[in-house]
Amino acid sequence: MVTWENLDTLDAFKKLTALKDAVSVKEELSSDGASDRVSTYSVPMAEGLVYNYAAKQVNAKVIALLSELSREAQLTEKYAEVYNGSVVNTGEKRLVLHHLTRGQIGKDVNADGVNKRDFYKEQTAKIKAFADKVHSGEIVNAAGEKFTTVVQIGIGGSDLGPRAMYLALEQWAKANNAFNMEARFISNVDPDDAAAVLASTDVAHTIFILVSKSGTTLETLTNESFVKDYLKNKGLNPANHMIAVTSETSPLAHNSDYLAAFYMDDYIGGRYSSTSAVGGAVLSLAFTPEVFQKFLDGAAAEDKTALEADVTKNAALLDALIGVYERNVLGYPSTAVLPYSQGLSRFPAHLQQLDMESNGKSVNRFGKEINYVTGPVIFGEPGTNGQHSFYQLLHQGTNIIPLQFIAFQENQTGKDVVIEGSTSQKKLCANVAAQIVAFACGKDDSDPNKNFAGERPSSIIYGKQLTPETLGALLSHFENKVMFQGFLWNVNSFDQEGVQLGKKLAKKVLAHDTDGALKVYSDLLNI
């Protein structure tokens, strides 16, 4: 039987907190055994990816206690509760079924009178049929011309994930004859966002995807109205240019204002929705349905690796456990995600929402206040850009910030140049290796300004190339990592009440139903 307990009540956690000193990664990687450590502290992932944690402040004793913690907290059993359809979203009393959107693990789950695995497969098939018709010219604009661009209108999980995934695969798709339509994104309710996208888009040859599960998201509907007005002013009928991704019960469903509608449901949280119709429509149109399917297959393959009870063979589980050890035992407040891949330029922004919206909680699953820290602050930028930005603080600042590197041996386009005896890609990878060692081992110098203390822990996920399959596996890894950490902290990782209060107050401001400080700030901004 699965039980849900606070982290600080678990015996294994108490043993971890009793450890007096962090393992010196500087000593471990400066010794003759560095090669053995790097090869041993490594976990194969799906699709040829590898998670390496040799530069983390752990040793065999810590790993053994983390394994004990995993067993005591029943982490893989709780994972099974998720994908087999238990009501793990206690705040909203909902199932959590994003794993079923890639459809490869667990039993069939029936909810709302339907088989949800079949439901998600059906939506993917409908998207494929629609995208194929657009690409073949069977679905065209009013002038009988093919659509060349797709613009997604959404915010939060309806924007960050799909945008990050599109950017991750754009260059790969162009290099592999799988690129059909340019994708753009409108998210911010600031009218300058929509205006800038529309001004640089050939709207007569554009399909707009409106993404709102409820069909009532204020920012998204506002931007939809902005787009519709723009289209009308250009002499175009918006109904010939718009599709919807929504729930079957929303006002956007079965609506003649849209060319087509594809469905999701309340069991798919926005930040977990990239493998649902939310990501499927834009990725299938921009690339091909086959590319989207490869992305799903990669996520499904990595989901299977998360079933493994042995933490040394389960990358997502081990990554989660080490992260909790760093947060709750070593006291590190943040984590930097550092992808050395331009395609992953917006991936840290997606992980920022995924992690901080999921585990930024101060009460447990039962609404009881907890007395330990939970989710860290997540931030990041692609390398090598970040090296010339915030790495100064990472190297020599007063806070130790754990680092998660992501790197690939080959670029996506196959294009490169040799300068000073090496290619750009080799220079990129050289920087990754250099940074890991520099952060871990530091450098002694008599000049305090040039002294590097080291002991900055990091992990790296690496592979051959960023492809649809490896991207899917990468996404799954972090989704499952966040989930495992939520289990350990005993929080509900699948609701987000923290975003609701501001929305409610904004509606009061717009209705001029204000007093006190709310009225003062409303007047300040001339609302």
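A quick note: this is a predicted structure, and the numbers were derived from the prediction, not measured.
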Practice prompt. Specify whether F347 and F478 have parallel, tilted or perpendicular ring planes, treating 30° as the upper limit for parallel and 60° as the lower limit for perpendicular.
Written response: perpendicular
Worksheet item: Would a distance-only check, ignoring hydrogens and angles, find a side-chain to backbone donor-acceptor pair under 3.5 Å from S24 to E27?
Response: yes
Item to complete: Under the ring-ring contact (aromatic ring centres under 6.0 Å, His included) rule, collect the residues that match up with F292, sequence neighbours excluded.
Response: none
Worksheet item: Just wondering, do K56 and V62 contact through their side chains at under 4.5 Å, heavy atoms?
Response: no
Worksheet item: Do Y325 and L69 have side-chain heavy atoms sitting under 4.5 Å apart?
Response: no
Worksheet item: Just wondering, do Y340 and T384 contact through their side chains at under 4.5 Å, heavy atoms?
Response: yes
Item to complete: Evaluate the criterion side-chain contact (heavy atoms from CB on, under 4.5 Å) for residue pair M45 and E302; output intermediate values, then yes/no.
Response: CA-CA 7 Å; M45 297 167 58; E302 184 61 21; 3.4 Å; yes
Practice prompt. Take the angle between the ring planes of F452 and H395 and call it parallel below 30°, perpendicular above 60°, tilted in between.
Written response: perpendicular
Fill in: Approximate separation, where rounding is to 0.5 Å, of M165 CE and T275 OG1
9.5 Å
Fill in: Side-chain donor or acceptor of Q152 paired with backbone N/O of S158 under 3.5 Å
yes
Fill in: Distance-only polar pair, side chains of D297 and Q293, donor-acceptor under 3.5 Å
yes
Discussion item. A quick test of your reading: do over 12 heavy atoms of other residues, nucleotides or ligands sit less than 6.0 Å from NZ of K464?
Written reply: no
Fill in: L466 backbone acceptor or donor facing Q412 side chain under 3.5 Å
yes
Fill in: Check: K146 main-chain N/O paired with H205 side-chain donor or acceptor under 3.5 Å
no
Practice prompt. Answer whether the closest heavy-atom distance between the side chains of L29 and R37 falls below 4.5 Å.
Written response: yes
Worksheet item: What residues, two or more places apart in sequence or in another chain, satisfy side chain to side chain contact (heavy atoms under 4.5 Å, CB included) together with N328?
Response: L7, F13, V324, Y372, V373, W489
Fill in: Distance-minimising heavy-atom pair for F484 and Y79
CE2-CB, 3.9 Å
Worksheet item: Could you state the interatomic distance from CZ (F262) to CD (Q123), rounded to the nearest 0.5 Å?
Response: 8.0 Å
Discussion item. Between Q57 and Y332, do the side chains contain a donor N or O and an acceptor N or O under 3.5 Å apart?
Written reply: yes
Worksheet item: Taking 4.0 angstrom as the limit, do E479 and R102 come out as a salt bridge?
Response: yes
Item to complete: Measure from the ring center of Y462 to the ring center of F405 and say whether it is less than 6.0 Å.
Response: no
Worksheet item: For the residue pair Q409 and C429, what are the closest heavy atoms and their distance?
Response: CA-SG, 4.3 Å
Discussion item. So which atom in A55 and which in I436 form the shortest heavy-atom distance, rounded to 0.1 Å?
Written reply: CB-CG2, 3.9 Å
Discussion item. Under 3.5 Å, is there a donor on one side chain and an acceptor on the other for Q485 and R327?
Written reply: no
Worksheet, complete the sentence: Here the pair of heavy atoms bringing L307 nearest to N314 is N-ND2, 4.2 Å
Worksheet item: Under the 3.5 angstrom rule, does the side chain of S39 hit a backbone N or O of D36 as a donor-acceptor pair?
Response: yes
Fill in: Nearest atoms (heavy-atom pairs only) where L169 meets P468
CD2-N, 3.6 Å
Item to complete: Measure from the ring center of Y391 to the ring center of F439 and say whether it is less than 6.0 Å.
Response: yes
Practice prompt. Compare every heavy atom of V282 with every heavy atom of P162, then report the nearest pair and how far apart it is.
Written response: CB-CG1, 4.1 Å
Worksheet item: Of all residues at least two apart in sequence or in a different chain, which pass the salt bridge (charged side-chain N to carboxylate O under 4.0 Å, His left out) check with K128?
Response: D132, E290
Discussion item. Do V134 and M181 have side chains that approach each other closer than 4.5 Å (heavy atoms only, starting at C-beta)?
Written reply: yes
Discussion item. A side-chain contact here means heavy atoms from C-beta on lying under 4.5 Å apart; do V140 and E145 qualify?
Written reply: no
Worksheet entry | Partner residues of D447 under the salt bridge (charged side-chain N to carboxylate O under 4.0 Å, His left out) criterion, sequence neighbours left out | none
Item to complete: Report the residues that fulfil salt bridge (charged side-chain N to carboxylate O under 4.0 Å, His left out) with K294, sequence neighbours left out, ordered by chain and then residue number.
Response: none
Worksheet item: Should the ring pair H241 and F147 be called parallel, tilted or perpendicular, given that the plane angle runs from 0 to 90° and is split at 30 and 60?
Response: perpendicular
Worksheet entry | Distance, nearest 0.5 Å, that separates CG of L160 from OG of S274 | 9.0 Å
Discussion item. Given 3.5 Å as the limit, does a donor-acceptor pair link the side chain of D193 with the main chain of I186, or not?
Written reply: no
Practice prompt. Start with the C-alpha distance between H350 and L475, add both sets of side-chain angles, then the distance that settles side-chain contact (heavy atoms from CB on, under 4.5 Å), and finish with yes or no.
Written response: CA-CA 10 Å; H350 168 61; L475 177 70; 3.4 Å; yes
Discussion item. Keeping Q465 on the side-chain end and N411 on the backbone end, is there a donor-acceptor pair under 3.5 Å?
Written reply: yes
Item to complete: Return the orientation label for the F494 and Y272 ring planes: parallel under 30°, perpendicular over 60°, tilted otherwise.
Response: tilted
Fill in: Charged N-O contact under 4.0 Å between R271 and E357
yes
Worksheet item: Between atom CG of L167 and atom CD of Q342, what is the distance when rounded to the nearest 0.5 Å?
Response: 9.0 Å
Worksheet item: Side chains of R184 and S200: do they bring a donor and an acceptor to under 3.5 Å?
Response: yes
Worksheet item: Run the side-chain contact (heavy atoms from CB on, under 4.5 Å) check on L198 and T206 step by step: do they pass?
Response: CA-CA 10 Å; L198 293 171; T206 297; over 6 Å; no
Discussion item. For the NZ atom on K133, are there more than 12 heavy atoms of other groups (residues, nucleotides or ligands in this structure) within a distance under 6.0 Å?
Written reply: no
Worksheet item: Taking only residues two or more places apart in sequence, or in another chain, which ones meet F408 in a ring-ring contact (aromatic ring centres under 6.0 Å, His included)?
Response: none
Worksheet item: Going by distance alone, is a donor N or O of one side chain under 3.5 Å from an acceptor N or O of the other, for K427 and S422?
Response: yes
Practice prompt. Given side-chain contact (heavy atoms from CB on, under 4.5 Å), test V245 with I209 step by step and report yes or no.
Written response: CA-CA 7 Å; V245 174; I209 307 173; 3.8 Å; yes
Worksheet item: Have T374 and N359 got a donor and an acceptor in their side chains that come within less than 3.5 Å?
Response: no
Worksheet item: Is it true that the side chains of E182 and T148 contain a donor and an acceptor less than 3.5 Å apart?
Response: no
Discussion item. Tell me whether Y230 contacts the main-chain N or O of A195 through its side chain, where contact means a donor paired with an acceptor under 3.5 Å.
Written reply: no
Worksheet item: Just by modelled atom types, is the L317 backbone N or O under 3.5 Å from a matching donor or acceptor in the N480 side chain?
Response: no
Discussion item. Strictly distance-based, threshold 3.5 Å: is any side-chain N or O of K213 a donor or acceptor partner for the main-chain N or O of I268?
Written reply: yes
